[in-house]
Amino acid sequence: MKNIFAISGSLRSGSSNHIILEYLKSLPGENVKFVIYDGIAGIPAFDPGLDNDDPPEPVTRLREQIAGADGVVICTPEYAFGVPGALKNVLDWTVSSGSFSGKPTALITASTGGENAHAAMIKILGAIDAKLVPETTLLISFIRTKIGDGQITDEATVKKLKTLFKALLNSID
Ligand SMILES: Cc1cc2nc3c(=O)[nH]c(=O)nc-3n(C[C@H](O)[C@H](O)[C@H](O)COP(=O)(O)O)c2cc1C
């Protein structure tokens, strides 16, 4: 069984990034369990003074969920030319715990443009030693034109997502 833990950088109801994660979850895959994180809004603001082996409970739970996953998918928009604060906050809590170290990870940036957040996320994931390869990174610009009625309507995007997910599963030993 391959356990995949997915985090959306958008908390918006009807979020395009959430739709992408739901699509990946729906892909038929033998022995794949795909869990979308629903606790991002409950993660307290990062405090280095509380960043130890006994952090706030939601952080402990988050770290356990990442540790228990064979692979992680992060799907995020760009806000104000950067990584959404809620997502960056989650990642800051994983620096000292080493939760991402060597963890097969896929990064999807789905945004209007997204180039800045995508580049920043690649740097951040490098800093926390996530196992990220070019095949498991994807920038989807003009995302709102590729989504309709809660579905991905752009066939090329669907194909790229399938390829990325396959690459992530293959990168898990
Ligand atoms: C506060 C705010 C700032 C934004 N800034 C950017 C930006 O700098 N670059 C970009 O590509 N899109 C930006 N957007 C547009 C988002 O890419 C777009 O709303 C996207 O659909 C958000 O993802 P979601 O559908 O998953 O919520 C911004 C949106 C908001 C709400």
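We count ligands from 1, going down the list as the structure has it; atoms in each ligand are counted the same way.
In terms of protein heavy-atom proximity, atom 11 (O) of ligand 1 is closest to G113 N, 2.7 Å. Counting protein heavy atoms only, atom 26 (O) of ligand 1 is closest to S15 OG, 2.6 Å. Of all protein heavy atoms, the one lying nearest to atom 21 (O) of ligand 1 is R144 NE, 2.7 Å. Among protein heavy atoms, the minimum distance from atom 25 (O) of ligand 1 is reached at S16 OG, 2.6 Å. Scanning the protein heavy atoms around atom 31 (C) of ligand 1, the nearest turns out to be Y79 CE2, 4.1 Å.
The ligand atoms of ligand 1 that sit less than 4.0 angstrom from a heavy atom of A80 are 3 (C), 4 (C), 5 (N), 6 (C), 7 (C), 8 (O). Residue N17 has at least one heavy-atom neighbour below 4.0 Å for each of these atoms of ligand 1: 23 (O), 24 (P), 26 (O).
For the pair L27/V32, no side-chain contact is recorded, criterion being any heavy-atom separation below 4.5 Å from C-beta on. Residues I7 and V73 form no side-chain contact, since every pair of their non-hydrogen atoms from C-beta on lies 4.5 Å or further apart. Within the 4.5 Å cutoff, the side chain of P104 has no heavy atoms near those of the V72 side chain.
Checked by distance only, ligand 1 and F81 come closer than 3.5 Å through their nitrogen or oxygen atoms. Annotation: P77 places no N or O atom under 3.5 Å from an N or O atom of ligand 1; distance criterion only.
Checking S99 against S97 by side-chain atom types alone, a donor-acceptor pair falls below 3.5 Å. No hydrogens or angles considered: nothing links the side chains of N17 and S10 as a donor-acceptor pair under 3.5 Å.
Atom CG of N52 has more than 12 heavy atoms from other residues, nucleotides or ligands within 6.0 Å.
The proximity of H18 to ligand 1, defined as any non-hydrogen pair under 4.0 Å, does not occur for either the backbone or the side chain. With a heavy-atom cut-off of 4.0 Å, A117 does not touch ligand 1 at all. Contacts between R12 and ligand 1, counted as non-hydrogen atom pairs separated by less than 4.0 Å, involve the side chain only. The part of S10 lying near ligand 1 is the side chain, judged by heavy-atom distances below 4.0 Å.
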Show your reasoning for whether side-chain contact (heavy atoms from CB on, under 4.5 Å) applies to L169 and I4.
-> CA-CA 9 Å; L169 296 179; I4 306 297; 3.9 Å; yes
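Y23 has its ring centre no less than 6.0 Å from the ring centre of F34.
Looking at E115, H118, E78 and measuring to atom 6 (C) of ligand 1, the nearest heavy atom belongs to E78. Remark: among candidates G114, S141, S111, the nearest residue to atom 12 (N) of ligand 1 is S111, based on non-hydrogen atoms.
Tested against Y37, the residues I74, L21, L62, I66 include a single side chain to side chain contact (heavy atoms under 4.5 Å, CB included) partner, L62.
Here D54 does not pair with R63 in a salt bridge; the nearest charged N to carboxylate O distance is not below 4.0 Å.
Atom 15 (C) of ligand 1 is flagged as protein-proximal [any protein heavy atom, distance under 4.0 Å].
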